[in-house]
K.L.:
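Quick one: the structure is below, and I'll ask about it shortly.
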Amino acid sequence: QVQLQESGPGLVKPSQTLSLSCTVSGISITTRFYYWSWIRQAPGKDREWMGAIAYDGSTYYSPSLENHTSISRDTSKNQFSLQLSSVTPEDTAVYYCARDRLAPNGTIVRDDWGQGTQVTVSS
């Protein structure tokens, strides 16, 4: 069975870099044709897709976040990671990793979610 688990610091100072990892079990992150996403939800706001890394290592980012966002992977650990630089208190949110799949009709199907992890940006 596929499982995803987020990990990383729960508190980050403003202007620093937020770093999280997602450990995947039950399937290799290089398996065709899956995409591995980061999503966040700030208090009182809707969920926001941040970006993804594909099975072949290609990366995709939300236009509003791409200037500060980097997604990478470590295939030997079956992990993918998120780095969000120059954070502000507006980046306080619950962060999720997820597995996505591109359906034949062009829509994105979200297959699995992690449980989420709270990250607070504060001095």
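Everything numeric in this text was worked out from a predicted model, so none of it was measured.
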K.L.:
Do the side chains of Tyr35 and Phe80 join up, straight or via other hydrophobic residues, at under 4.5 Å, putting them in one cluster?
P.N.:
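No.
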K.L.:
Would you indicate whether the side-chain heavy atoms of Trp38 and Leu20 approach each other to under 4.5 Å?
P.N.:
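Answer yes - side chains close enough.
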K.L.:
Using a 3.5 Å distance criterion without hydrogens, assess whether the side chain of Arg32 forms a donor-acceptor pair with backbone atoms of Asp56.
P.N.:
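No, because the side chain of Arg32 does not come within donor-acceptor range (under 3.5 Å) of the backbone of Asp56.
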K.L.:
Hey, what do you get for CG (Leu84) to OH (Tyr95), rounding to the nearest 0.5 Å?
P.N.:
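Spacing of CG (Leu84) from OH (Tyr95) equals 5.5 Å.
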K.L.:
Can you tell me how far apart CG (Asp111) and OH (Tyr34) are? Round to the nearest 0.5 Å.
P.N.:
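One finds 5.5 Å between CG of Asp111 and OH of Tyr34.
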K.L.:
How many angstroms lie between CG in Leu4 and CH2 in Trp113, if you round to the nearest 0.5 Å?
P.N.:
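If I round to the nearest 0.5 Å, the distance is 11.0 Å.
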K.L.:
Given side chains that start at C-beta, do those of Thr17 and Gln83 come closer than 4.5 Å, heavy atoms only?
P.N.:
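Sidechains of Gln83 and Thr17: in contact.
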K.L.:
Using side-chain heavy atoms (C-beta onward) and a distance below 4.5 Å, is Val121 in contact with Pro14?
P.N.:
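Yes, their side chains come closer than 4.5 Å.
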K.L.:
So, Gln79 side chain and Thr23 main chain: donor-acceptor pair closer than 3.5 Å or not?
P.N.:
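Between the backbone of Thr23 and the side chain of Gln79 there is no qualifying donor-acceptor contact (under 3.5 Å).
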K.L.:
Check the surroundings of atom CZ in Arg47: do more than 12 heavy atoms from other residues, nucleotides or ligands lie under 6.0 Å from it?
P.N.:
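Atom CZ in Arg47 is not packed in, count stays at 12 or less.
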K.L.:
CD/Gln16 to OG/Ser86 distance, rounded to the nearest 0.5 angstrom?
P.N.:
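The OG atom of Ser86 is 10.5 Å from CD of Gln16, to the nearest 0.5 Å.
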K.L.:
Which pair of non-hydrogen atoms, one from Pro9 and one from Val119, has the smallest distance, and what is that distance?
P.N.:
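The pair with the smallest heavy-atom distance is O-CG2, 3.9 Å.
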K.L.:
Do the side chains of Asn78 and Ser28 get nearer than 4.5 Å, heavy atoms only?
P.N.:
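With C-beta onward as the side chain, the pair touches.
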K.L.:
Any donor and acceptor pair, going by atom type alone, linking the side chain of Thr69 with main-chain N or O of Leu65 inside 3.5 Å?
P.N.:
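Side chain of Thr69 to backbone of Leu65: a pair is present.
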K.L.:
Which atom names give the shortest non-hydrogen contact between Ser76 and Asp74, and what distance separates them?
P.N.:
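Taking every non-hydrogen atom into account, OG-OD1, 2.6 Å.
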K.L.:
Spell out, yes or no, whether Ile108 and Phe33 are grouped together once hydrophobic residues are joined by side-chain heavy atoms under 4.5 Å, including indirect joins.
P.N.:
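Both belong to a single hydrophobic cluster.
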K.L.:
In terms of hydrophobic clusters joined by side-chain contacts under 4.5 Å, are Ile53 and Tyr61 together?
P.N.:
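In one cluster: yes.
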K.L.:
Are Ile71 and Trp36 close enough that some pair of their side-chain heavy atoms sits under 4.5 Å apart?
P.N.:
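SC-SC contact between Ile71 and Trp36 ruled out.
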K.L.:
Working to the nearest 0.5 angstrom, can you tell me the gap between Ile39 CD1 and Cys97 SG?
P.N.:
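Answer for the CD1-SG pair, Ile39 versus Cys97, is 8.0 Å.
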K.L.:
Take Ile27 and Arg99 through the side-chain contact (heavy atoms from CB on, under 4.5 Å) test and state the conclusion after the steps.
P.N.:
CA-CA 10 Å; Ile27 190 172; Arg99 181 178 66 144; 3.6 Å; yes
K.L.:
State which residues pass salt bridge (Lys or Arg N to Asp or Glu O under 4.0 Å) with Arg40; sequence neighbours excluded, sorted by chain then number.
P.N.:
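If we apply the salt bridge (Lys or Arg N to Asp or Glu O under 4.0 Å) test to Arg40, skipping adjacent residues, the hits are Glu48, Asp91.
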K.L.:
Does the side chain of Arg110 reach to within under 4.5 Å of the side chain of Ser37, using non-hydrogen atoms?
P.N.:
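Yes, their side chains come closer than 4.5 Å.
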K.L.:
If the condition is side-chain hydrogen bond (donor to acceptor under 3.5 Å, both in side chains), which residues does Ser122 pass it with, not counting sequence neighbours?
P.N.:
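Ser122 satisfies side-chain hydrogen bond (donor to acceptor under 3.5 Å, both in side chains) with no residue once adjacent residues are dropped.
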K.L.:
For Ala93 and Gln118, which heavy atoms make the closest approach, and how far apart are they?
P.N.:
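Here Ala93 and Gln118 meet closest at O-NE2, 3.6 Å.
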K.L.:
One pair to check against side-chain hydrogen bond (donor to acceptor under 3.5 Å, both in side chains): Ser21 and Ser81. What are the steps and the verdict?
P.N.:
CA-CA 4 Å; Ser21 294; Ser81 300; 3.2 Å; yes
K.L.:
How many angstroms lie between NZ in Lys77 and CD1 in Ile29, if you round to the nearest 0.5 Å?
P.N.:
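Taking NZ in Lys77 and CD1 in Ile29, the distance rounds to 11.5 Å.
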